[in-house]
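Encoded as structure tokens, the structure appears first; notes follow it.
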Amino acid sequence: MSPVQSALAILLLPLASAAVIALFFRKQGALASWISTATAGAIAVLSLQLIFGGERFTASMEWLRFGDFSLSLGFKFDDLAALMLFVVSFVGFLIHVFSLGYMHDDAARARFFGGLSVFMFSMLGIALADNLFMIFIFWELVGFSSWLLINHWHEKQSAADASKKAFIVNRVGDFGFLLGIVMCYWANGTVDLSELAKLGDAHALVFSAAIPLLLFCGAMGKSAQMPLHVWLPDAMEGPTPVSALIHAATMVAAGIYMLCRVNMLMVPEALTVIMWIGTATALYAALCAVTQRDIKKVLAYSTLSQLGYMVAAFGLGSNRIHVAGCSFGDKMGFEIAVAAGVGAAMFHLTTHAFFKALLFLGSGSVIMGCHHEQDIFKMGGLWKKMPLTFLTFTIGVLAIIGLPGFAGFFSKDAILYLAMEKNTAVFAVLALTAVLTAFYMVRMWKITFFGEARSEEAKHAHESGLSLTIPLVVLAVLAVVGGYAGVYGKLAGGIAELVPEAEGSAHTTILLVSLAVMTIGTVSALLFYPATGADALEKKSSVIFSGFVALKESFDSVYDYYVAKIQQRFAMVLNFLEQVFLAGLIIRGAAGFIGLIGIGARALHVGSLHAYVYWFLLGAALLWAYAAGVF
Amino acid sequence: MSLELLKAAADSNQWWALAPEVMLACAALALLVLELVLPRAEHHKIPLFAIAAQAIVLVGVFLNFDTNWLGESTFGGLIRHSNWGQIARVFFVLSSLLVCFLATVCLPRTRMPRVEFYHTVLVVTAAMMLLAQSDHFVMFFVALETVTVGLYILVSYFRDNPLTLEAGLKYLVMGALSSAIMLFGIVLLYGAVGRVEGANGAIHTGFEFGTAAAFLQAHPDNFLAVAGALLVLSGVAFKIGAFPFQIWVPDVYQGAPTPVTAFLAVSSKAAGFAVLLLLVRNVFAPLQSVLVPVLSLMAGATILFGNLSALTQRNAKRLMGLSGISHAGYLLLGVIASFTVPWAGGAVWFYLFTYLLATMAVFGVMAYCTGENDADHELDTYDRLSRDRPFLAAVLAIGLGSLAGIPPLAGFLGKLILFIAAFQAHLYTLLAVAIVGVVLSIYYYFGWIKAAFFESWRPAFSTETATAAPRTTPSLFGTLTLALLAVATVVLGFFPGPLTSWLIGK
């Protein structure tokens with residue numbers, strides 16, 4: 001198979017799987033789940049072959065053309081796409097395997113796996129797309145499949161609400177995204193990524209802060225950046241594998257990936273905004289995570305916080321810093337500087353996909369073991385009962401808090417180094433966030449796994465089956481080794497070289513800082529939280545606790561106020577006008593009127609040949625009269 | 001045609017230029033011979049021969065699409081070969097192939113002779129192909145009459161059915177009237193132009209498109225010529241069913257056998273548009289200031305009339321006829337646009353191709369949903385179709401959806417491209433009318449889909465047992481053909497690229 005063909009196969013296989021499941025196997029859950037998983041496996045194999053085959057290509061075909069406006073569909077398979085493809089297909093496959101066990105007793109299994117296949121199709125489409133219109137199409141498909149999967153247990157009101165919220169909030173972001181695409185087309189005459197890059201090299205791009213910022217709106221929705229982050233914690237209502245796949249490893253990363261795709265359009269002002277939004281999200285989410293009781297919510301806020309890291313890293317990339325492996329010296333242009341951000345963001349995206357998927361799947365295993373109990377204060381003592389889950393989860397925690405040697409350490413260091421070089425304020429906030437990250441992760445880890453079992457469910461916890469633990473082990477291995485550039489080889493290609501690395505004294509400083517923040521966070525959490533059934537922070541300082549809770553609630557209450565008090569009332573007025581004027585007068589009235597005309601027009605066909613002939617002659621006479629200039 | 005002309009034609013052997021038409025005519029004759037030669041038990045194979053022959057012609061035209069004759073004029077200026085002519089050849093053969101397929105479904109239900117039907121269809125198709133390439137009013141009229149006379153026969157083919165006979169009579173009278181008016185127009189043009197002496201002493205007359213065009217260019221306000229042109233156009237308007245010459249459409253469509261209705265709806269209408277594009281581009285282009293307002297009024301009235309009268313229609317064949325009128329209106333938009341936007345002609349052809357696919361799919365389903373009396377074809381016949389024959393219902397939905405212009409089906413793109421052409425030609429008012437028309441059309445097309453997919457309410461106490469609607473299960477060949485039409489409609493909606501670049505690029 002040629003590379004283009006295998007890329008096409010990778011893209012279309014999950015669509016075929018979804019179609020087959022939807023058309024024929026809606027009732028046969030077991031069969032559907034195996035079809036979907038086998039497809040995911042095939043995709044993983046094909047993608048590895050494609051990625052390590054080393055071939056990088058672009059291919060496109062024209063889809064629509066009117067005059068000189070044309071739309072094309074195509075692949076742009078460069079190092080960036082290869083990395084994203086690896087993350088999506090590989091993590092996606094592991095999560096399919098995990099779902100086989102996790103969703104085994106679900107009544108609507110076929111729909112779930114069909115949804116997973118649709119999601120894989122949409123996500124792979126984003127990864128491979130070669131132009132912004134195509135990205136947008138798959139972007140919307142991702143939104144749809146995310147809605148489908150969050151809504152899987154739709155009989156639960158909270159799940160239905162959460163899926164609706166996710167969909168609507170994403171729409172808000174996508175509106176900006178679409179405007180950005182239109183504006184990019186208007187300004188530059190193309191939305192093809194390769195052509196944009198070519199224009200960028202020739203310094204022929206029309207730069208404006210509006211285009212990247214509008215495009216960033218799309219990323220803000222998908223990657224849940226402030227203020228559009230509110231949907232992600234609620235989306236935890238979906239089944240845990242969905243949370244792992246969509247809301248930790250792949251979909252939320254799509255925003256970061258898209259930013260990296262359009263980095264040639266970036267201007268310094270836009271980057272500054274992006275940087276600060278990412279930083280604020282990182283800190284805000286970390287603060288929220290400290291008070292959460294639900295194991296998945298802790299992970300959700302931690303995901304928000306890490307996404308904030310990635311966005312901030314992208315925004316920071318505009319700094320002129322030395323990029324290892326680049327020999328441009330002092331002539332480093334703007335493009336190269338952005339690339340450092342791309343490298344750091346994509347590096348963290350990859351390692352985060354590994355350890356966060358690991359943590360989510362671990363939490364899924366814990367939840368399953370505890371018979372669907374999600375409150376960490378009702379768990380406890382699980383390390384003995386679920387040793388493998390404990391071990392892998394611990395690796396995940398170590399990776400996220402950045403213990404030297406683990407994947408998270410390297411990628412977080414790269415970002416912190418970038419921040420230190422560029423902007424001290426951002427550096428301080430991100431360092432504080434790192435402290436908080438270690439703090440809340442260790443808190444959760446300790447309360448979940450240690451102490452006495454604090455509920456009936458936790459007492460009868462048991463280790464999960466093989467289909468749950470194998471993905472955990474594989475991901476744990478990746479969470480350990482995922483930080484070493486050597487692992488990637490051909491995979492990351494040029495991207496690996498873009499990751500900024502500290503040297504000399506900077507290297508020592510950054511190492512010390514990251515060790516310090518990790519130790520402070522870990523030790524204080526270990527000391528502060530006893531593994532008991534009550535939140536120590538709530539007991540000891542209810543002011544701070546309620547402050548954090550209020551912080552978490554603040555966005556939702558502002559939105560609620562806006563929707564209930566402003567938008568709803570406005571909508572009611574419009575509804576009244578619609579009922580009276582549109583539906584009543586115009587629609588009903590017009591329909592009746594037109595119906596009457598229709599009956600009249602029909603009545604002209606009397607069936608009499610005489611009448612028809614007169615019609616005809618009348619027509620000819622009218623034309624004659626027109627020619628004679630009567631009218 | 002004088003002897004010298006024939007001799008000249010024989011010398012340069014220009015008959016090769018007409019190979020597709022000649023092959024079709026030979027095939028038509030061969031059908032009759034086959035009927036004589038073959039034993040009666042083998043007669044059911046004759047339609048297959050007709051279909052195979054057309055398939056060969058279709059492939060042949062495709063393979064020789066860029067012949068050396070392109071741009072040439074043959075037979076002493078009677079025929080001019082052009083890309084549009086080639087496209088028209090492909091279109092008409094494809095359409096008559098599908099008509100023959102419909103006939104294989106419908107004809108066996110009656111006691112009528114079969115072979116003559118295919119024979120006539122082939123002859124009419126060959127004449128249509130000539131019509132679309134004519135460059136001379138005599139050729140034009142003779143070809144048109146061949147088409148029309150053939151259609152007189154076909155429309156009244158089920159002569160044991162009174163409704164069919166009535167339709168045949170109406171079509172005959174109206175057709176003869178329109179031919180007369182058109183001929184009068186041609187004569188007026190001829191008279192106005194007179195005899196023109198050419199460069200090297202050759203005598204030209206107003207019959208030649210080029211000479212007539214040159215005359216009109218020089219005298220754009222000659223009353224006789226303008227009147228002649230308008231009368232010629234009224235004859236064409238009869239073919240396409242444009243207002244105010246649309247009045248025959250519903251009665252004839254209802255009475256004609258279903259395959260013939262499809263033939264009228266697709267081939268005959270397309271022939272009208274092929275001719276209209278030809279005339280507007282080659283002969284009447286200088287009359288733009290006169291023709292644009294006339295055609296615009298015609299288009300607007302046609303769209304509104306077709307859609308409004310279809311709104312309350314419950315007979316499926318009349319509905320197809322009336323909605324077909326509105327399609328003619330949209331297509332007129334493209335013709336008007338082609339005065340100023342060069343690629344609009346391609347847009348008209350693209351629309352015709354999408355219309356062919358969708359219409360043939362719908363008529364295919366109709367052919368399987370009628371009994372012996374196919375004039376009596378109410379929408380209620382489709383009750384519970386989706387439950388009894390889900391495949392037919394799906395094909396019907398795709399066909400009707402495409403006719404209504406629902407994305408992502410091909411019909412949507414056809415309308416979109418046509419409307420873009422109209423927009424570029426600044427026909428804003430007409431565009432607004434057309435969009436209103438499209439909205440109206442969704443009502444009746446979806447009424448039909450609703451009849452097929454949702455059960456109509458019946459009172460529970462009704463003692464009247466619902467008479468089982470006559471339905472036939474499609475043969476394998478029929479299933480494949482219908483599936484192909486439906487798939488093509490969907491695929492063309494997603495990937496119009498190849499077809500549009502083929503049509504609009506030319």
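Note that this is a predicted model, so its numbers are computed, not measured. Here is how names work: the chains are called A, B, and so on, in the same order as the sequence lines, proteins then strands, and each is numbered from 1.
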* Write down the atom of B/P244, the atom of A/G619, and the distance for their closest heavy-atom approach. => CG-CA, 3.6 Å

* Where do B/S234 and A/L623 come nearest, in terms of heavy atoms and distance? -> CB-CD1, 3.6 Å

Can you tell me which portion of [X] sits under 4.5 Å from chain A's heavy atoms? Options are side chain, backbone, both or neither.
{"X": "B/F350", "answer": "neither"}
{"X": "B/L188", "answer": "side chain"}
{"X": "B/V290", "answer": "both"}
{"X": "B/L233", "answer": "neither"}

* A/F616 and B/I181: side-chain contact (heavy atoms from CB on, under 4.5 Å), yes or no, with the steps? -> CA-CA 10 Å; A/F616 233 82; B/I181 293 176; 4.2 Å; yes

* Asked: Is it true that atom CZ of B/F184 has more than 12 heavy atoms of other residues, nucleotides or ligands lying nearer than 6.0 Å?
  -> no

* Whether over 12 other heavy atoms sit under 6.0 Å from A/F175 CZ -> no

Roughly how far, to the nearest 0.5 Å, is [atom2] of [Y] from [atom1] of [X]?
{"X": "B/F245", "Y": "A/L618", "atom1": "CZ", "atom2": "CG", "value": "8.5 Å"}
{"X": "A/L609", "Y": "B/M174", "atom1": "CG", "atom2": "CE", "value": "6.5 Å"}
{"X": "A/L622", "Y": "B/M298", "atom1": "CG", "atom2": "CE", "value": "10.0 Å"}

* Asked: For B/L230 and A/W624, what are the C-alpha separation, side-chain angles and deciding distance, and is it a side-chain contact (heavy atoms from CB on, under 4.5 Å)?
  -> CA-CA 7 Å; B/L230 284 174; A/W624 183 278; over 6 Å; no

Could you have a look at [options] and say which one has the most heavy-atom pairs with chain A under 4.5 angstrom?
{"options": "B/L311, B/V226, B/L177", "answer": "B/L177"}
{"options": "B/Y443, B/F238, B/W248, B/F495", "answer": "B/F495"}
{"options": "B/I247, B/L308, B/L304", "answer": "B/I247"}

* Audit row: A/Y626, B/L297, side-chain contact (heavy atoms from CB on, under 4.5 Å) steps and yes/no -> CA-CA 12 Å; A/Y626 183 82; B/L297 275 177; 5.9 Å; no

